[in-house]
Amino acid sequence: AVLINFDQPYMFGYKPRQNYQGLLEQVVLEFLESDRQLAEAMMKSPLLSPDVVPATTFDDVMRLVEAPPDPFVPKDDHGSRRSASARRIDFVQRDASNRTLGRNGEEWANEFERRRLHDIDKRPDLAKRVD
């Protein structure tokens, strides 16, 4: 929700919760401000703006599941608050990228679930019903 409210790239498909604490907003904005190159790289990242769907063999389906990352610990805990600066945003391009990312992600997730149900859970009847 913080990223959406400040027009930053985010993972399309996750439902934002607008009732976040003010401290979360402060930490997220400080992190983005501390590494502007990261924010710019995210906008151009093939993960957020892929041109094509990456090929996946699905040979070992459970190998594709990752553990969650360690919690983020801010580098600067002196309580300094930085203000967000305005950035030019091409909303048409962002919307097109988000739609492409969403379509590609849904196709990948559907194939992942089909393979998992068929190969691991041995339920081809359910695998055929994935939509």
Side-chain angles (χ1 to χ4, degrees):
V2 173
L3 295 174
I4 292 170
N5 290 342
F6 286 89
D7 297 322
Q8 297 298 310
Y10 67 99
M11 292 186 72
F12 183 74
Y14 284 90
K15 296 190 186 279
R17 300 285 185 183
Q18 292 296 332
N19 59 340
Y20 56 82
Q21 294 179 349
L23 181 60
L24 175 64
E25 180 177 294
Q26 177 185 344
V27 170
V28 169
L29 293 176
E30 285 178 3
F31 178 76
L32 291 174
E33 190 68 28
S34 69
D35 196 350
R36 284 189 171 274
Q37 290 177 343
L38 173 66
E40 291 171 8
M42 286 190 320
M43 291 293 287
K44 299 172 185 170
S45 168
L47 293 174
L48 292 178
S49 304
D51 295 329
V52 295
V53 178
T56 306
T57 61
F58 293 102
D59 292 338
D60 182 7
V61 177
M62 294 313 291
R63 190 175 63 90
L64 300 174
V65 178
E66 294 180 358
D70 293 333
F72 169 72
V73 178
K75 296 176 186 174
D76 182 17
D77 59 352
H78 301 299
S80 62
R81 186 176 187 137
R82 298 179 190 164
S83 63
S85 59
R87 294 178 180 89
R88 291 187 185 261
I89 298 168
D90 182 356
F91 290 103
V92 173
Q93 185 271 336
R94 177 180 279 184
D95 183 56
S97 296
N98 284 343
R99 289 175 189 270
T100 302
L101 176 64
R103 251 189 325 275
N104 292 346
E106 287 178 16
E107 289 173 11
W108 188 91
N110 283 340
E111 183 64 20
F112 174 83
E113 281 302 308
R114 281 188 205 102
R115 299 286 180 112
R116 185 183 64 78
L117 287 168
H118 187 272
D119 298 344
I120 294 178
D121 294 341
K122 306 298 184 207
R123 294 293 308 266
D125 57 317
L126 293 178
K128 292 178 185 175
R129 296 174 59 191
V130 172
D131 183 26

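Counting begins at 1 with the first residue of the sequence.
- We find the NZ-CZ distance between Lys128 and Arg114 to be 12.5 Å, quoted to the nearest 0.5 Å.
- Listed by chain and number, the residues in a side chain to side chain contact (heavy atoms under 4.5 Å, CB included) with Ala1 are Pro16, Gln18, Tyr20 (sequence neighbours excluded).
- Both Ile120 and Leu64 are part of a single hydrophobic cluster, where members link through side-chain heavy atoms under 4.5 Å apart.
- A side-chain donor-acceptor contact under 3.5 Å links Gln93 and Ser97.
- Hydrophobic clustering places Trp108 together with Met62 (ILVMFWY residues linked when any side-chain heavy atoms are closer than 4.5 Å, directly or through intermediates).
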- What's the verdict on side chain to side chain contact (heavy atoms under 4.5 Å, CB included) for Asn104 and Thr100, showing C-alpha distance, side-chain angles and the deciding distance? CA-CA 6 Å; Asn104 292 346; Thr100 302; 3.7 Å; yes
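- In this structure, the side chains of Val27 and Leu23 come closer than 4.5 Å at one or more pairs of heavy atoms.
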- Message: Checking Arg123 against Asp121 for the salt bridge (Lys or Arg N to Asp or Glu O under 4.0 Å) test, could you report, in this order, the C-alpha distance in whole Å, the side-chain angles of both residues, the deciding distance, and whether it holds?
- Response: CA-CA 5 Å; Arg123 294 293 308 266; Asp121 294 341; over 6 Å; no
- Query: Between Glu111 and Arg115, is a salt bridge (Lys or Arg N to Asp or Glu O under 4.0 Å) present by the stated rule, with each step listed?
  - Reply: CA-CA 6 Å; Glu111 183 64 20; Arg115 299 286 180 112; 2.7 Å; yes
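- Taking a 4.5 Å side-chain heavy-atom cut-off between Ile, Leu, Val, Met, Phe, Trp and Tyr, the cluster of Val92 contains only that residue.
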- side chain to side chain contact (heavy atoms under 4.5 Å, CB included) assessment of Leu117 paired with Phe112: CA-CA 9 Å; Leu117 287 168; Phe112 174 83; over 6 Å; no
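- In terms of the side chain to side chain contact (heavy atoms under 4.5 Å, CB included) criterion, Ala96 has no residue partners (sequence neighbours excluded).
- Under 4.0 Å is where a charged nitrogen must lie from a carboxylate oxygen, and between Arg99 and Asp95 at least one such pair does.
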- Message: Run Asn110 and Asp131 through side chain to side chain contact (heavy atoms under 4.5 Å, CB included) and show every step you take.
- Response: CA-CA 7 Å; Asn110 283 340; Asp131 183 26; 5.6 Å; no
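- Under 4.0 Å is where a charged nitrogen must lie from a carboxylate oxygen, and between Arg116 and Glu113 at least one such pair does.
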